[in-house]
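Inspection log for the structure reproduced underneath, given as structure tokens.
This chain uses plain numbering: 1 for the first residue, then up along the sequence. Nothing here was measured: the structure is a model prediction, and the numbers come from that model.
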Amino acid sequence: MSVTLVPSLPTRPVSAPAPAPSRPLDVLGVPGEINLDYAASAPCARAAADAVAELLPWYASVHRGAGALSRRCTLAYERARQTVGDFFGARADDHVIFTRNTTDALNLLARAVPAGTTVVTFAGEHHANLLPWPRGSVRLPVPTDPAEAVRALAAALTELRRDSNAALPVLVAVTGASNVTGERWPVAELARVAHRHGARIVLDAAQLAPHVPVDVLALDVDYLAVSGHKLYAPFGAGVLVGRADWLDAAAPYLAGGGATSHVGPATHDVTWVTGPARHEGGTPNLLGAVALAAVCEALAGADRAALAATEQELLGRLRAGIAALPHVVELRTFGPDAPRVGIVSFVVAGWDSAEVAARLAVDHRIGVRDGLFCAHPLARRLLTEAAGRTGRRDLPPTALRASIGLGSTSAQVDRLLAALATLG
């Protein structure tokens with residue numbers, strides 16, 4: 001995994017910060033308010049808040065500063081890069097580039113793909129994984145189950161390789177878990193298909209990473225995009241992890257200070273650095289990187305299997321409760337038993353979803369999401385499917401979404417179900 005090298009400076013050495021103590025995994029919140037909107041932005045983990053508070057007295061510029069504060073912050077920033085890369089299983093020669101969020105990371109990659117690259121996606125993606133890709137991209141229909149996704153990708157890549165220049169690059173862009181339904185996608189199987197056809201694959205792990213371990217090497221994906229604010233670190237940082245060659249060959253995503261090794265007097269007399277700094281122009285988000293690294297450390301030291309089991313129990317309770325309400329219909333892409341993370345989207349028959357969300361907030365102090373969840377093609381398709389499946393003609397044109405994670409409780413789930421029951 002590549003990191004930015006810090007030049008030695010002729011000043012008194014500054015010791016690296018002591019290794020962070022074991023950080024708690026509880027999350028911050030407001031007493032009395034029930035937050036069931038984790039899929040939009042997860043609450044702040046105490047680990048992230050503590051890490052930021054500890055560094056704030058030292059806050060200064062990152063890289064190239066001779067002062068003690070700047071040197072300490074540089075060490076903290078590059079240590080965060082290493083921690084995040086290790087957490088996601090980055091390969092030794094991968095770049096770990098700090099971005100603003102998953103959308104920013106995927107836009108960066110979209111601008112780094114070689115000319116002539118064909119990008120293959122599915123119509124079930126979040127807008128962040130639909131909109132950045134160049135013209136001529138291939139969008140496959142939403143599959144009915146994970147196996148169909150694998151078959152559809154294999155067929156599409158076979159056809160693509162037969163009909164186009166075999167030397168031109170192909171990139172497959174897929175989600176790890178749907179932000180609408182929470183259903184998990186067969187990432188490792190899709191990666192095998194992509195590589196068998198000489199394509200690369202990028203994983204949008206924004207919704208998957210907060211719930212289960214995500215490892216670049218184990219899944220054999222070429223690129224990974226993640227948001228800190230989905231991963232309990234809401235300080236404006238995300239990350240793009242992946243193979244260096246395309247990233248080092250591309251013009252910088254942000255042209256500016258830190259991305260250059262030489263700027264001459266002529267307008268275009270510029271030499272760009274290689275490595276993560278090439279795409280991190282300007283003053284980097286030190287606090288966001290440190291917060292994200294602190295959560296990664298806390299999760300790495302936790303029993304992820306136990307956390308996942310607790311979440312699945314709550315998810316089962318929520319889905320069973322919704323199924324028991326005759327006027328509430330769950331949305332789904334795959335079958336009802338498909339693996340999923342703690343996200344459930346649904347509609348209340350006869351009720352506008354925005355009005356339901358407002359009533360839940362005002363009358364019950366419950367926060368959920370309403371709308372089409374920045375996945376308009378998928379959400380509209382699932383609303384149509386739900387109407388056909390149930391035979392109801394009184395379903396609204398938008399949906400509601402409840403999502404859970406660290407800190408969620410059975411009492412909160414029961415409060416939501418009781419509130420929805422009053423709307424029948």
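The aromatic rings of Tyr223 and Trp246 lie parallel to each other, with less than 30° between the two planes, well short of the 60° mark. Ring planes of Tyr77 and Phe98: tilted class, angle from 30 to 60°.
Thr144 has its side chain out of reach of Phe334: every pair of non-hydrogen atoms, C-beta onward, lies at least 4.5 Å apart.
Between Glu355 and Arg359 there is a salt bridge, since at least one side-chain N of the basic residue sits less than 4.0 Å from a carboxylate O of the acidic one. Ionic pairing of Arg317 and Glu311 is not present here: no N-O contact between side-chain nitrogen and carboxylate oxygen is shorter than 4.0 angstrom. Using a cut-off of 4.0 Å between Lys/Arg side-chain N and Asp/Glu carboxylate O, Arg319 and Glu330 are scored as salt-bridged.
Residues that satisfy the salt bridge (Lys or Arg N to Asp or Glu O under 4.0 Å) test with Asp220, not counting sequence neighbours, are absent from this structure. For Tyr253, there are no ring-ring contact (aromatic ring centres under 6.0 Å, His included) partners, not counting sequence neighbours.
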Which pairs of donor and acceptor atoms, one on a side chain in residues 299-310, lie under 3.5 Å apart (sequence neighbours left out)?
| from | atom 1 | to | atom 2 | distance (Å) |
| --- | --- | --- | --- | --- |
| Asp303 | OD1 | Ala305 | N | 3.3 |
| Asp303 | OD1 | Ala306 | N | 3.0 |
| Arg304 | NH2 | Ala209 | O | 3.4 |
| Arg304 | NH2 | Val212 | O | 3.4 |
| Thr310 | OG1 | Ala306 | O | 3.1 |

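The salt bridge (charged side-chain N to carboxylate O under 4.0 Å, His left out) contacts involving residues 120-140 comprise nothing, where partners must be two or more places apart or lie in separate chains. Every pair passing salt bridge (charged side-chain N to carboxylate O under 4.0 Å, His left out) that includes a residue from residues 362-377 is listed here, sequence neighbours excluded: Glu33-Arg365, Asp37-Arg369. Within the structure, salt bridge (charged side-chain N to carboxylate O under 4.0 Å, His left out) contacts touching residues 245-255 (residues at least two apart or in different chains) are Arg200-Asp245.
Here the closest non-hydrogen pair linking Thr181 and Arg340 is O-NH1, 4.1 Å.
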